[in-house]
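What follows is one structure encoded as structure tokens, with my remarks underneath.
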Amino acid sequence: MYYDYIQISKINDFTFCPRSLYFHSVYESFDKTQYKARPQIAGTIAHKSVEEGKFSSRKNILQGMEVFSARHGIIGKIDIYDTKKQELIERKRMIKKVYDGYLFQLYAQKLCLEEMGYPVKKIKLYSLVDNRVYPVEIGEKQKELFWQTLSEIRSFSFHKNTNVSKAKCSACIYRELCRQESGATRQNAAVNF
Ligand code: SF4
């Protein structure tokens, strides 16, 4: 039994950069236009219709349902689950690459659904802008990485610098708020003083 439930939506953030998870948690209650970059806002809007249940009125389609797993200590929301086809679908605004973070999110959703009594036979990612469907297979290697990521999230300390590339930082929506690079400099500076 876990008392520190991990939000499924945060797993992808953590795989992008562990520090971004902290910023996401701190700033999620703020006006998102103040710090979200344009692609993130578009992605949020793409998810809105799912969260508001506008995707389908069919009874076999469960949308935006809250799910959790007491066994694994994870909690979140699914996008779409088809009870007839036993199919889980996650819609993204535009998928350029199927990142591990996406697979981890879907695997977490599948674990929750199955614990709640909804079997998952198929998983799909759906890219809205170009109308492309990506069937998802989660292999043993990804499962292993998923468990490793959950345990890293549980033991993460913000004060540890993370090993992310400059390219990632320059594309990060939190770059103006984050002091990772200057943090590293400060640490070095403290040694030199
Ligand atoms: S600026 Fe870099 S280190 Fe800071 S949260 Fe973003 S990706 Fe992570």
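Both ligands and their constituent atoms are indexed starting at 1 by order of listing.
Side-chain atoms of S20 come within 3.5 Å of backbone N or O of D13 as a donor-acceptor pair. Side-chain atoms of D79 come within 3.5 Å of backbone atoms of R91 as a donor-acceptor pair (strictly under, hydrogens ignored). Checking side-chain atoms of S69 against main-chain N and O of L111 turns up no donor-acceptor pair under 3.5 Å.
Proximity to V164 (heavy-atom distance under 4.0 Å) selects the following atoms of ligand 1: 2 (Fe), 3 (S). The distance from ligand 1 to the heavy atoms of R175 drops below 4.0 Å at these ligand atoms: 1 (S). Listed by atom number, the atoms of ligand 1 under 4.0 Å from S20 heavy atoms are 5 (S).
At least one N/O/S atom of C17, whether from backbone or side chain, sits less than 2.8 Å from atom 8 (Fe) of ligand 1. Contact annotation: C169 places an N, O or S atom under 2.8 Å from atom 2 (Fe) of ligand 1. With 2.8 Å as the limit, C172 counts as an N, O or S neighbour of atom 6 (Fe) of ligand 1.
Comment: K92 engages E90 in a salt bridge, judged by a side-chain N to carboxylate O separation of less than 4.0 angstrom.
A cation-pi arrangement is not found for K124 relative to Y134, the charged atom failing to lie both closer than 6.0 Å to the ring centre and inside a 45° cone about the ring normal.
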